[in-house]
2 protein chains.
Amino acid sequence: MSTLNSLSVEDLGSAAQRDRRKRILDATYELAREGGFDAVQMRAVADKAEVALGTLYRYFPSKIHLLVSALAREFERSQKSIATMDAVPGDTAAERVIFVMKRTTRGLQGDPRLTEALTRAFMFADASVATEIHTVGMLLTSMLTQAMRPGAEEPTAEDVAIARVIGDVWLSALVAWVTGRSTAAETGAHLETAVGLLLRD
Amino acid sequence: MSTLNSLSVEDLGSAAQRDRRKRILDATYELAREGGFDAVQMRAVADKAEVALGTLYRYFPSKIHLLVSALAREFERSQKSIATMDAVPGDTAAERVIFVMKRTTRGLQGDPRLTEALTRAFMFADASVATEIHTVGMLLTSMLTQAMRPGAEEPTAEDVAIARVIGDVWLSALVAWVTGRSTAAETGAHLETAVGLLLRD
DNA sequence: GCACAAACTGGAACGTGTTCCTATTATGGG
DNA sequence: CCCATAATAGGAACACGTTCCAGTTTGTGC
C-alpha cells in the first residue's frame, strides 16, 4: 500500500480535475451500492468514471483509499442532514444518542452492499489512510457528543470518552453485521445495551 | 469465499492428517510473526508446511479461515495460561479486567506483525468464517466475565453484556493500533477508560 | 493382498489490485 | 503563439488468492 494520501478537493487546481475526482467517487459509490466491496473493481471504477486506470491511481493510491474517501463523503452528508434538524428528539442523553445511531445505522442498512464495502475498507485501512480515517472518526464523535449534550459548545472529556466507546461498539457491530455474523436487529439491540450501560442517567 | 468450514482437529481421522494441520498452523504462525498479513501467502504457507497448495485449501478454504483458525489457537493458549493462575490479581472487577486485557494485549503487542495479521483476518472475515469467529468471541467473553466475578459459575446477563462491549472496544483499539493509527500507550489508555466507564463499582 | 475411494502432489490457469511504460493532450509562462 | 512540463489515456505486465486438473500415494473394506 502506498504512503501517499488521496488527493483532496483542495489539492486539485482545475475544474476538470475536480470533476474527475467527483466522477470517480460517484462511480465508486454506485458500484459499491450495486455489488458491494467486490464489485468496486478498479478497472470498473475507471471505466465508469471515464478515466484511465493510471489516473484513478493518481487520485486515490489504492482501492482502500478510494472507498474510505467515499465513506468520508457520505458521513459528511449524513452529519449535515442531522445538523439541520432543530433538535435531536429524546429526553435523556441515552435516548438521543440511540436516535442518532439508529438513524445513521438505518441509512447504512438500507444500502447493505454499500455499507459492506465501506466498512470493510475502513477496517482494512492502514496508517497511510490515517487522514481519511481521522476525518470519519471526528465526525462520528462530534455527532454523538452533540446528541449527548445538545447546545453545549464544548463536550467534556468524559463525553468524548463515552462517544469514542460507543463509536467502537458501533464499528464492531457494523462489522459483525456486514460480514453476516449478526442480524440488523441484533446489531441494534447490542448498541442499545451498550448505550444503556454507558449513559445511565 | 467458500461456504465450507475449516477442518477442525476432530474432523481429521489419521495422525498424519492431524500432523499436516499442525504443520500448516505452525507455518502460518511463523510467517505471520515474521512479516504480518502480507507475508502469509498461501504458496509460502504450503511450502513451509510441506503440503501442496490444493491440500492447504482442503484444510482451510481461504486465507482468512486459515488466519482466524490460527488466532483461535493462540487465544486458547492464552486462556489456558490465565486459567492456570490461582487468581487474577486486583481488588475490583475493573482492576481484574484491565489486568486480563493488558496481559492479553501485551502478548499481542510483543508480536506486532502477528497481531496485524490476525486482527486483519478477523475484521475481514465474512459469514463463512462465523464458526471460527464465534470460538474466539466466546473465549474472550469468558475470560472477561471470569475476571469480573472470579469463582462464579454463571456470569449474569449484564456481565456478558459488559464483556461484549469491552471486547468491541478492544477490537477497535487493536485495529487502530495494528493499522498504525494509534500507539500502544493510547490503546492501553483507551481500554482503561472504557473499562472504567463500564465497571464503576 | 487387492481393489477401490479418498487424499495428496505438483503445477497450470484465471481474476483482480497494482505498477509501469509510451503516446497523446492540457496547461501555464515567455 | 510556442515551448516545456505535467496530466491523462491506453494497455501490458506482475503478484497473489483461488480454482482446477492429471497423476500418485494413502487408507479401507473385503
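Chain letters run A, B, ... following the sequence lines, proteins first and then strands; every chain starts at 1. Just so it is clear, the model here is predicted, and its values are computed rather than measured.
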Practice problem: Determine the minimum heavy-atom distance between A:Asp159 and A:Thr145, stating which atoms define it. | Solution: O-CG2, 3.9 Å
Quiz prompt | Minimum heavy-atom distance A:Ser182-A:Ala173, with the two atoms named | solution = OG-O, 4.4 Å
Quiz item: Would a distance-only check, ignoring hydrogens and angles, find a side-chain to backbone donor-acceptor pair under 3.5 Å from A:Ser142 to A:Leu139?
Solution: yes
Quiz item: Once you round it to whole Å, what is the distance between C1' of D:dG17 and CG of A:Asp38?
Solution: 12 Å
Practice problem: Kindly calculate the angle separating the two end axes of the helix from C:dG1-D:dC30 to C:dG30-D:dC1, each obtained from five base pairs, and round it to 10 degrees. | Solution: 20°
Exercise. Determine the minimum heavy-atom distance between B:Val100 and B:Ala147, stating which atoms define it.
Key: CG2-CB, 3.7 Å
Practice problem: Measure from the side chain of A:Tyr57, starting at C-beta and using heavy atoms only, and say which of C:dG17, D:dG17, C:dT27 lies closest. | Solution: C:dG17
Self-check item: Whole-Å gap separating P (C:dT16) and CD1 (A:Ile64)
Solution: 16 Å
Practice problem: Please state how far atom CG in B:Leu66 lies from atom C1' in D:dT18, giving the value in whole angstrom units. | Solution: 14 Å
Quiz item: Is there a donor-acceptor pair under 3.5 Å between the side chain of B:Arg96 and the backbone N or O of B:Gly90?
Solution: yes
Quiz item: With a 4.0 Å cut-off on heavy atoms, is A:Val40 in touch with a base, just the backbone sugar-phosphate, or nothing at all?
Solution: sugar-phosphate
Self-check item: Annotated protein contacts, base or backbone, on nucleotides 5-12 of chain D with a non-hydrogen cut-off under 4.0 Å, one of B, S, - each
Solution: --SSBB--
Self-check item: Atom pair distance, as rounded to whole Å: CZ in A:Phe37 and P in C:dG15
Solution: 19 Å
Quiz prompt | Value in whole Å for how far the C1' atom of D:dC16 lies from CE of B:Met42 | solution = 11 Å
Exercise. Determine yes or no for a side-chain-to-main-chain donor-acceptor pair under 3.5 angstrom, with A:Arg181 supplying the side chain and A:Ala176 the backbone.
Key: no
Quiz item: If you take all heavy atoms of A:Glu50 and A:Arg23, which pair is closest and at what distance?
Solution: O-NH2, 3.4 Å
Exercise. Work out which heavy atom in A:Ser172 is nearest to a heavy atom in B:Leu171; give both atom names and the distance.
Key: OG-CB, 4.3 Å
Quiz item: Could you state the NZ-P distance from B:Lys63 to C:dG15, rounded to the nearest angstrom?
Solution: 21 Å
Quiz item: Any idea which heavy atoms bring A:Gly167 and A:Leu140 closest together, and the distance?
Solution: CA-CD2, 3.9 Å
